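See below for the structure under consideration.
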Amino acid sequence: MDIPRIFTIRESGHRIHNPLSSEKLALLGRALHLKTGTTALDLGSGSGEMLCTWARDHGLTGTGVDLSVLFTEQARARALELGVADRVKFIHADAADYVTSAADGLVDLAACIGATWIGSGVAGTVELLSRSLKPGGIMLIGEPYWQLGVPDKQTAELCEAADPYDFLVLPALLAQFSELGYDVVELMLANQDDWDRYQGAQWFTMRSWLEAHPDDEMADQVRAELAAEPARYARYTREHVGWGIFALRQR
């Protein structure tokens, strides 16, 4: 059980697997007024940067769940590095049906940052997270949105969306949260520099990987992707796709 290998090749050097800087992640933690002892669940936790740094900075405790073997190992290593392995744990599992156990209890903060496919979209992911969240708790959803209006199908596909309506424009996304019965109480949006750092780091990692693994069975695919990705990104994703983390509280 693991994610496709191409994703770990691209992002093995990332601490944050989304277009958000470490400074903005830290700012979000402060904006949420997290208190010592806040309990958290992060579905699709990647390499664990959010839980680990917020455990260090705010005294949070929690659990991260991710399908990637590599990213789960990196998260555990990061917890040890920051001295918070006694406060956060990381589970290699499919987050699509993960709910906190009765023994662990409901949490103060439930998050899915950039992986709403686990619930087949925003609505399903909100419902999944709600099963683990205390009444009055904070839910975090990380999600792309269209910046310039919904594009045609070809443009959407070149932005790595299967369909133009895979994403909403930002006002419609915020309205969707409201329609689901949640107030948006904070947001942190990526800018173009955040996107550039996220994508550029992938290319650097891919090139380094190719130099270290020239005879790997994936080398031709990685080489082709590295040759094409910068221009595709600049023409399509960089121009059309926004991304943000949205903090929600149920009415």
Side-chain angles (χ1 to χ4, degrees), residues 1-5 7-116 118 125 128-129 131-134 137-142 186 188 197-198 201-202 205 208-209 245 247:
M1 182 173 61
D2 207 341
I3 63 175
R5 190 175 173 219
F7 292 106
T8 56
I9 292 173
R10 286 184 197 137
E11 298 199 13
S12 59
H14 285 56
R15 282 185 173 166
I16 301 172
H17 299 281
N18 293 295
L20 199 73
S21 67
S22 57
E23 292 80 10
K24 284 187 177 178
L25 185 64
L27 178 59
L28 178 61
R30 296 194 296 273
L32 295 177
H33 306 287
L34 299 174
K35 298 178 181 178
T36 299
T38 294
T39 56
L41 173 68
D42 187 6
L43 299 184
S45 52
S47 296
E49 191 70 0
M50 185 179 78
L51 286 183
C52 289
T53 56
W54 288 3
R56 177 195 63 193
D57 298 339
H58 303 288
L60 172 151
T61 63
T63 300
V65 183
D66 200 89
L67 191 59
S68 169
V69 173
L70 175 63
F71 297 162
T72 302
E73 291 173 349
Q74 289 179 336
R76 291 167 179 162
R78 185 66 166 152
L80 288 169
E81 178 186 0
L82 296 184
V84 295
D86 60 332
R87 297 182 218 163
V88 292
K89 65 179 179 180
F90 295 96
I91 299 170
H92 171 237
D94 186 351
D97 55 5
Y98 189 91
V99 178
T100 54
S101 68
D104 291 334
L106 300 179
V107 297
D108 302 305
L109 175 74
C112 178
I113 309 300
T116 57
I118 68 171
T125 302
L128 174 62
L129 290 173
R131 300 179 206 169
S132 298
L133 188 63
K134 290 179 181 178
I138 294 174
M139 183 181 296
L140 297 180
I141 296 286
E186 187 56 87
M188 193 65 63
R197 301 284 63 75
Y198 171 63
Q202 291 186 18
T205 298
S208 299
W209 183 91
I245 299 178

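Note that the numbering runs from 1 along the sequence shown for the chain. Owing to the predicted nature of the structure, the values given are computational and were not obtained by experimental measurement.
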* Asked: Of the non-hydrogen atoms in A75 and C52, which two are nearest, and what is the gap between them?
  -> O-SG, 3.9 Å

* Asked: Just how far is it from atom CG of L20 to atom CD1 of I245, taken to the nearest 0.5 Å?
  -> 5.0 Å

* Asked: Quick check: does any side chain N or O of R76 sit under 3.5 Å from a backbone N or O of F90, one acting as donor and the other as acceptor?
  -> yes

* Minimum side-chain heavy-atom gap I141-L129 below 4.5 Å -> yes

* Identify the residue among E49, R10, E11 that makes a side-chain hydrogen bond (donor to acceptor under 3.5 Å, both in side chains) with H17. => E11

* **Polar side-chain atom of H92 near backbone of D66 as donor-acceptor pair, under 3.5 Å** => no

* **Spatial distance of atom OG1 (T61) from atom CG (D86) [nearest 0.5 Å]** => 10.0 Å

* If only atom types and distance count, is the side chain of Q74 paired as donor or acceptor with the main-chain N or O of R15 below 3.5 Å? -> no

* To do: Let me see the working for T205 and I9 under side chain to side chain contact (heavy atoms under 4.5 Å, CB included), right down to the final yes or no.
  => CA-CA 7 Å; T205 298; I9 292 173; 5.9 Å; no

* **Side chain R87, main chain A55, donor-acceptor under 3.5 Å** => yes

* Asked: Can you list the steps and then say if F71 with H14 is a ring pair (Phe, Tyr, Trp, His ring centres under 6.0 Å)?
  -> CA-CA 9 Å; F71 297 162; H14 285 56; 8.7 Å; no

* **Side-chain (S132) to main-chain (T100) donor-acceptor, under 3.5 angstrom** => yes

* With distance as the sole test, does D108 use its side chain to make a donor-acceptor pair with the main-chain N or O of G137 at under 3.5 Å? -> no

* To do: Measure across A85 and L80 and return the closest heavy-atom pair with its distance rounded to 0.1 Å.
  => CB-CD2, 3.7 Å

* Structure fact -> Interatomic distance, CG@D94 vs CG@L43, rounded to 0.5 Å, equals 10.0 Å

* Any Lys/Arg nitrogen of R78 or E81 sitting under 4.0 Å from an Asp/Glu carboxylate oxygen of the other? -> yes

* Can you tell me how far CD1 of I113 sits from CG of L140, rounded to the nearest 0.5 angstrom? -> 5.0 Å

* Asked: Could you state the interatomic distance from CD (E186) to CD1 (I138), rounded to the nearest 0.5 Å?
  -> 9.5 Å

* How long is the span from the CZ atom in R131 to the CG atom in L106, to the nearest 0.5 Å? -> 12.5 Å

* **From CA spacing to verdict: side chain to side chain contact (heavy atoms under 4.5 Å, CB included), D2, S68** => CA-CA 5 Å; D2 207 341; S68 169; 3.9 Å; yes

* Could you give me the CA-CA distance, side-chain angles and deciding distance for L41 and V99, then say whether side chain to side chain contact (heavy atoms under 4.5 Å, CB included) is met? => CA-CA 9 Å; L41 173 68; V99 178; over 6 Å; no

* Asked: Would you say D42's side chain and M50's backbone share a donor-acceptor pair under 3.5 angstrom?
  -> no

* H58 and T38: CA distance, side-chain angles, deciding distance, side chain to side chain contact (heavy atoms under 4.5 Å, CB included) verdict -> CA-CA 8 Å; H58 303 288; T38 294; over 6 Å; no

Hey, can you pull the donor-acceptor pairs under 3.5 Å for the side chains in residues 23-37, sequence neighbours left out?
unit_1: K24; atom_1: NZ; unit_2: L189; atom_2: O; d: 2.9
unit_1: K24; atom_1: NZ; unit_2: D194; atom_2: OD2; d: 2.7
unit_1: H33; atom_1: NE2; unit_2: A31; atom_2: O; d: 3.4

* To do: Evaluate the side-chain proximity of Y98 to I91: yes if any heavy-atom separation is below 4.5 Å, no if none is.
  => yes

